[in-house]
Amino acid sequence: MENHFPVEKFQAIETPFYYYNMQLLEDTLQVIKEESEKYGYHVHYAVKANANKKILETINSYGLGADCVSGNEVSASIEAGFPGNKVVYAGVGKTDKEIITGLKNNIGCFNVESIPELEVINELAEKQGVVANVALRINPNVKANTHHYITTGLEENKFGIYIWDLEKVMDKIEELDHVNFKGIHFHIGSQINDLDSYKQLCVRVNELQELFKQRRAIPQIVNVGGGLGIDYENPDENPMPDFKAFFKIFDDFLELEEGQEVHFELGRSVVCQCGTLISKVIYVKEGVNTHFAIVDAGMSDLIRPALYQAYHKIENLSSDQEDEKYDVVGPICESSDCFGKAVTLPKTSRGDIIAIRSAGAYGEIMANQYNLRQLPKAFYSSDL
Ligand SMILES: *Cc1c(COP(=O)(O)O)cnc(C)c1O
């Protein structure tokens with residue numbers, strides 16, 4: 001494989017660290033912008049995928065909004081330059097302090113998940129002397145074909161308002177003076193590669209729109225969430241998902257009322273392929289049936305394999321010898337601290353540089369200090 005990483009430069013940097021290909025991020029943002037603008041769609045970036053300041057600033061420079069799931073994400077978005085009215089805030093457990101952060105920054109919309117939350121937002125907005133825009137996060141009961149930990153749009157999940165409660169919630173909104181009904185919001189899950197799930201979502205949204213039409217409360221915003229998947233197996237062949245086909249599904253199947261806006265909240269598909277976790281082999285150890293390549297990155301730097309049994313492509317950037325099989329493991333005292341079993345790599349030695357690919361989403365942001373390890377640093381192609 002042709003090597004596009006600046007390996008010599010990596011050798012001079014203390015490992016492990018995240019490396020971001022900023023050109024790929026910008027190319028991805030450019031395609032998102034072009035393909036969504038065709039239909040006048042609004043795209044928000046789901047900050048939880050990666051809240052690295054430089055990445056947020058780059059995303060903001062392409063005109064996307066920010067989709068947040070905590071008060072600190074709201075603050076980080078504002079600090080990175082996102083205008084308040086382009087920030088939306090979702091989450092089942094917003095605290096009073098977090099809601100106040102949203103209100104003070106005049107955010108575009110709170111995506112509300114329950115009646116008690118609606119009442120608290122109303123009360124806090126009244127105290128601030130403002131009216132908060134709210135969208136209802138509806139649990140559409142659409143099954144996304146993905147890992148069960150990352151499906152969110154099913155009745156058994158904790159997220160959203162059930163369809164049978166909607167009338168009650170709308171009655172409540174009409175009673176309250178400091179919330180303004182702005183839209184409806186859906187999010188069916190993550191790492192969705194089967195566009196048919198989105199087609200089903202469109203059909204469900206169309207059905208639900210009838211309910212709002214009957215009440216003469218037409219939502220201005222129809223927010224269909226995020227979740228578009230990426231190709232973890234072939235990051236070089238498919239450096240970005242088919243955004244063109246993705247947005248087209250909604251144009252083909254969503255039936256809109258006059259003046260309705262369609263919003264998206266893409267996280268993984270924006271940032272995943274631009275990030276790589278770079279580490280070094282500390283030891284090669286002979287096991288009973290396998291060789292272990294013990295690297296200096298661990299589950300504290302990238303937890304997805306341990307948490308979701310997620311696959312990441314692993315490459316040895318230093319060797320071009322004969323292929324062998326290795327279990328690539330980290331130094332942390334947990335058996336689940338393993339990046340891949342029986343991975344085919346060229347013959348690997350102490351000091352070789354190992355790239356763990358497609359780590360730009362839910363990588364650096366999920367890093368922790370277990371075993372009192374240092375948090376990984378980040379380096380950018382534009383600076384090296
Ligand atoms: C996580 C999340 C997203 C983004 O999901 P991706 O799979 O990263 O695109 C969007 N909206 C909400 C409400 C989320 O919780």
Side-chain angles (χ1 to χ4, degrees), residues 25 28-29 32 36 41-52 55-56 59 64-74 77 86-94 98 102 107-114 117 134-140 142 144-154 157-161 183-195 197-198 201 205 221-232 240-243 246-247 249-250 262-275 304 307-308 310 358-366:
L25 176 60
T28 306
L29 289 163
I32 292 173
S36 61
Y41 292 162
H42 300 248
V43 180
H44 290 78
Y45 166 64
V47 175
K48 76 169 190 276
N50 188 323
N52 177 302
I55 289 196
L56 289 184
I59 292 171
L64 280 72
D67 164 51
C68 302
V69 291
S70 73
N72 284 350
E73 283 190 2
V74 171
S77 304
K86 278 193 176 175
V87 173
V88 300
Y89 177 16
V92 281
K94 303 179 190 76
E98 292 178 305
I107 63 167
C109 202
F110 289 87
N111 294 338
V112 170
E113 310 217 4
S114 67
E117 181 192 336
V134 295
L136 298 181
R137 178 170 183 176
I138 302 169
N139 185 324
V142 168
N145 263 326
T146 184
H147 194 287
H148 66 281
Y149 285 180
I150 49 177
T151 64
T152 51
L154 277 179
N157 299 125
K158 70 179 172 184
F159 298 101
I161 293 164
I184 49 179
H185 171 225
F186 307 85
H187 177 65
I188 55 173
S190 202
Q191 185 51 19
I192 297 166
N193 283 313
D194 175 9
L195 289 182
S197 301
Y198 289 112
L201 173 63
V205 173
I221 294 170
V222 176
N223 181 338
V224 290
L228 180 61
I230 62 117
D231 190 344
Y232 281 95
M240 61 182 94
D242 190 348
F243 289 111
F246 173 70
F247 290 119
I249 287 273
F250 294 89
V262 183
H263 290 212
F264 294 83
E265 303 168 334
L266 297 174
R268 188 191 313 268
S269 55
V270 183
V271 291
C272 200
Q273 299 288 30
C274 79
R304 297 187 68 258
L307 193 59
Y308 310 119
S358 312
Y362 309 105
E364 188 185 358
I365 193 67
M366 282 191 166

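As the structure lists them, so they are numbered: ligands from 1, and atoms in each ligand from 1.
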Contacting atoms of ligand 1, where contact means under 4.0 angstrom from a heavy atom of Arg268: 6 (P), 8 (O), 9 (O)
Test item, Tyr362 contacting ligand 1 (heavy atom, 4.0 angstrom): yes
task: Report yes if Leu228 has an N/O atom closer than 3.5 Å to an N/O atom of ligand 1; otherwise report no.
output: no
Atom indices of ligand 1 within 4.0 angstrom of Arg137 heavy atoms, with elements: 13 (C)
field: Candidate list Phe246, Phe243, Phe247, test side chain to side chain contact (heavy atoms under 4.5 Å, CB included), partner Ser36, passing option
entry: Phe247
task: Run the numbers for me: atoms of ligand 1, each under 4.0 Å from some heavy atom of Gly267, listed by number.
output: 6 (P), 8 (O), 9 (O)
task: Of the side chain and backbone of Asp67, name the one, both, or neither that has a heavy atom under 4.0 Å from an atom of ligand 1.
output: side chain
- prompt: Centroid-to-centroid, Phe250 to Phe264, below 6.0 Å?
  reply: yes
query: If you measure every N/O of Ser269 against every N/O of ligand 1, is any gap under 3.5 Å?
result: no
message: When you measure from the centre of the six-membered ring of Tyr89, is the NZ or CZ of Lys94 closer than 6.0 Å and no more than 45° off the axis?
response: yes
message: I need the Leu228 CG to Asp242 CG distance, nearest 0.5 Å.
response: 8.5 Å
statement: Restricting to heavy atoms, the pick from Gly189, Ser190, Ala46 nearest atom 7 (O) of ligand 1 would be Ser190
task: State, without any angle test, whether Tyr232 and Gln191 hold a side-chain donor-acceptor pair at a distance under 3.5 Å.
output: no
task: To the nearest 0.5 Å, tell me how far Leu201 CG sits from Leu195 CG.
output: 12.0 Å
- prompt: Any side-chain heavy atom of His187 sitting closer than 4.5 Å to one from Phe159?
  reply: no
query: Of the protein's non-hydrogen atoms, which lies at the shortest distance from atom 1 (C) of ligand 1, and what is that distance?
result: Lys48 NZ, 1.3 Å
field: Contact check, Gly225 vs ligand 1, heavy-atom distance below 4.0 Å
entry: no
- request: Not counting sequence neighbours, which residues clear side-chain hydrogen bond (donor to acceptor under 3.5 Å, both in side chains) with His185? List them please.
  value: Asn111, Glu265
- line: atom 11 (N) of ligand 1: closest protein heavy atom, distance to 0.1 Å, is Glu265 OE1, 2.6 Å
